[in-house]
S.K.: 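Here it is, the structure, as structure tokens.
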Amino acid sequence: MSRRGRFQRDPVDPLDTLSGVPGGGGALFGGSFDPVHVAHLIVAETAADALGCTVHFLPAREQPFKRMAHQATPEQRAEMLDLAVGDNPRLRVERVELGLPTPSYTVRTLRALGDREPGNRFTLLLGADAASDLAAWWEVEALPGLADIVVFARPGASVLRHPLIKRVIPVPMIDLSATKVRERVKQGLSIRYLVPDPVREYIGTHGLYR
């Protein structure tokens, strides 16, 4: 059977809890964050409430499924995350991928964290779209031994049913993306209230996305 054949295509109500999630290493929220914006922060805060744990933003050095290169450097994206979460003790920034080979495969990242923090069990936060690509992930068969997957889904989204997915949590619908933020900067439009003020100032100071 192919990898993709293991994933049932039946939609799952995002309001349903599929099972409990063990604690340990906290939750990992990976992505480009180019730049981080308020929708990212709302998802992370919602997940922290639902899971009762710290959420670690995990900026990718180079995402394997990205068709276009990141516009800000990995360290700039991590620095913007530091500014965004600095006043929230439940949100942190994890830089482990910045020191790993590219592209940033999740399995490789989880192994590096496991070597650093033996005995901790991690929870991986994925959006519904990312979860739909699970079958194509590098060494996806190794994931059960490394982490549990929690999917966050906005109203109306469907989530694939798979044994790796331990829980689905609902998050608010916010029509905002990093692409839209970058486009507004390029057009000379305001991004106030779309990103935290320190991030907006960082973007202006460093001349990003122009």
Side-chain angles (χ1 to χ4, degrees), residues 7 11-33 36-60 63 77-78 80-97 104-134 137 140 142-174 176-178 196:
F7 291 75
V12 176
D13 184 344
L15 296 178
D16 286 345
T17 296
L18 304 184
S19 69
V21 176
L28 304 171
F29 181 14
S32 297
F33 306 114
V36 58
H37 51 69
V38 294
H40 293 136
L41 298 172
I42 290 170
V43 166
E45 185 77 355
T46 302
D49 274 338
L51 302 176
C53 69
T54 301
V55 174
H56 302 257
F57 282 91
L58 189 67
Q63 285 192 294
R77 290 182 279 114
M80 286 188 280
L81 282 165
D82 285 334
L83 293 170
V85 307
D87 62 350
N88 188 336
R90 299 200 298 178
L91 305 182
R92 299 179 185 173
V93 182
E94 170 57 68
R95 284 173 160 79
V96 66
E97 284 194 1
S104 300
Y105 291 122
T106 300
V107 168
R108 182 183 288 154
T109 301
L110 290 169
R111 285 175 177 149
L113 287 170
D115 290 342
R116 193 186 75 190
E117 303 177 28
N120 274 342
R121 177 77 176 177
F122 293 93
T123 297
L124 189 64
L125 291 174
L126 295 180
D129 289 345
S132 69
D133 292 327
L134 268 173
W137 282 25
V140 65
L143 274 177
L146 298 169
D148 297 293
I149 293 178
V150 169
V151 174
F152 59 87
R154 293 171 176 84
S158 62
V159 179
L160 298 182
R161 186 181 299 277
H162 187 270
L164 281 178
I165 298 175
K166 299 297 183 180
R167 186 172 174 182
V168 181
I169 56 176
V171 296
M173 172 70 79
I174 301 176
L176 179 60
S177 68

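Each residue takes its place number in the sequence, starting with 1.
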S.K.: Step through the shown structure and confirm whether more than 12 heavy atoms of other residues, nucleotides or ligands are within 6.0 Å of CZ on R95.
M.R.: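 Buried by this count: over 12 neighbours within 6.0 Å.
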S.K.: Sequence neighbours left out, what passes side chain to side chain contact (heavy atoms under 4.5 Å, CB included) with A50? Give chain and number order.
M.R.: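 For A50, the residues satisfying side chain to side chain contact (heavy atoms under 4.5 Å, CB included) (neighbours in sequence not counted) are R167, I169.
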S.K.: Applying salt bridge (charged side-chain N to carboxylate O under 4.0 Å, His left out) as the test, list every pair that has at least one member in residues 44-53; sequence neighbours left out.
M.R.: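 Applying salt bridge (charged side-chain N to carboxylate O under 4.0 Å, His left out) to every pair that reaches into residues 44-53, excluding sequence neighbours, yields E45-R90, D49-R90.
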S.K.: Please enumerate all residues that pass ring pair (Phe, Tyr, Trp, His ring centres under 6.0 Å) together with H56, with sequence neighbours excluded.
M.R.: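 H56 satisfies ring pair (Phe, Tyr, Trp, His ring centres under 6.0 Å) with no residue once adjacent residues are dropped.
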S.K.: Looking at every heavy atom in both A128 and A157, which two are closest together, and how far apart are they?
M.R.: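 Heavy-atom minimum between the residues: CB-CB, 4.4 Å.
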S.K.: When L125 is tested against each of L58, L28, V55 for side chain to side chain contact (heavy atoms under 4.5 Å, CB included), which residue passes?
M.R.: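 Running side chain to side chain contact (heavy atoms under 4.5 Å, CB included) over L58, L28, V55 with L125 returns exactly one hit, V55.
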S.K.: Over all heavy atoms of both residues, which pair between V93 and A78 is shortest? Give the atoms and the distance, please.
M.R.: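 Heavy-atom minimum between the residues: CG1-O, 4.2 Å.
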S.K.: Run the ring pair (Phe, Tyr, Trp, His ring centres under 6.0 Å) test against F29 and tell me which residues pass, sequence neighbours left out.
M.R.: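 Partners of F29 by the ring pair (Phe, Tyr, Trp, His ring centres under 6.0 Å) criterion, ordered by chain and then number, come out as F33, F57, F152.
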S.K.: Closest approach of A131 and L126, non-hydrogen atoms and distance?
M.R.: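 Closest approach of A131 to L126, heavy atoms only: CA-CD1, 4.3 Å.
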S.K.: For A178, what residues pass the side chain to side chain contact (heavy atoms under 4.5 Å, CB included) criterion, not counting sequence neighbours?
M.R.: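 A178 satisfies side chain to side chain contact (heavy atoms under 4.5 Å, CB included) with P35, H37, R182 only.
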S.K.: Please report the closest heavy-atom contact between P59 and E94, naming both atoms and the distance.
M.R.: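 It is CD-O, 3.2 Å.
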S.K.: Any side-chain heavy atom of L143 sitting closer than 4.5 Å to one from L134?
M.R.: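 The answer is yes, as the side chains (C-beta and beyond) meet within the 4.5 Å cut-off.
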S.K.: In chain order, what residues pass the side chain to side chain contact (heavy atoms under 4.5 Å, CB included) check against A84, with sequence neighbours excluded?
M.R.: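 Expected list: V36, L41, P196, V199.
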S.K.: Please evaluate residues L146 and L113 with respect to the criterion side chain to side chain contact (heavy atoms under 4.5 Å, CB included), reporting the C-alpha separation (whole Å), side-chain torsions for both, the decisive distance (0.1 Å), and the verdict.
M.R.: CA-CA 9 Å; L146 298 169; L113 287 170; over 6 Å; no
S.K.: Got a sec, which pairs hit salt bridge (charged side-chain N to carboxylate O under 4.0 Å, His left out) with one end in residues 105-115, sequence neighbours left out?
M.R.: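 Salt bridge (charged side-chain N to carboxylate O under 4.0 Å, His left out) check on residues 105-115 returns R111-E139.
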S.K.: Could you pull out all residues at least two apart from I42 that satisfy side chain to side chain contact (heavy atoms under 4.5 Å, CB included)?
M.R.: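 Partners of I42 under the side chain to side chain contact (heavy atoms under 4.5 Å, CB included) test: T46, P172, I174.
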S.K.: For the atom pair NZ (K166) and CG (L124), what is the distance rounded to the nearest 0.5 Å?
M.R.: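 One finds 13.0 Å between NZ of K166 and CG of L124.
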S.K.: List the residues meeting side-chain hydrogen bond (donor to acceptor under 3.5 Å, both in side chains) with T106, not counting sequence neighbours, and say none if there are none.
M.R.: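 Testing T106 for side-chain hydrogen bond (donor to acceptor under 3.5 Å, both in side chains), a comparison that skips the adjacent residues, returns none.
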S.K.: How close do L176 and A39 get, counting heavy atoms only, and between which atoms?
M.R.: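 In terms of heavy atoms, the two residues are closest at CD2-N, 4.1 Å.
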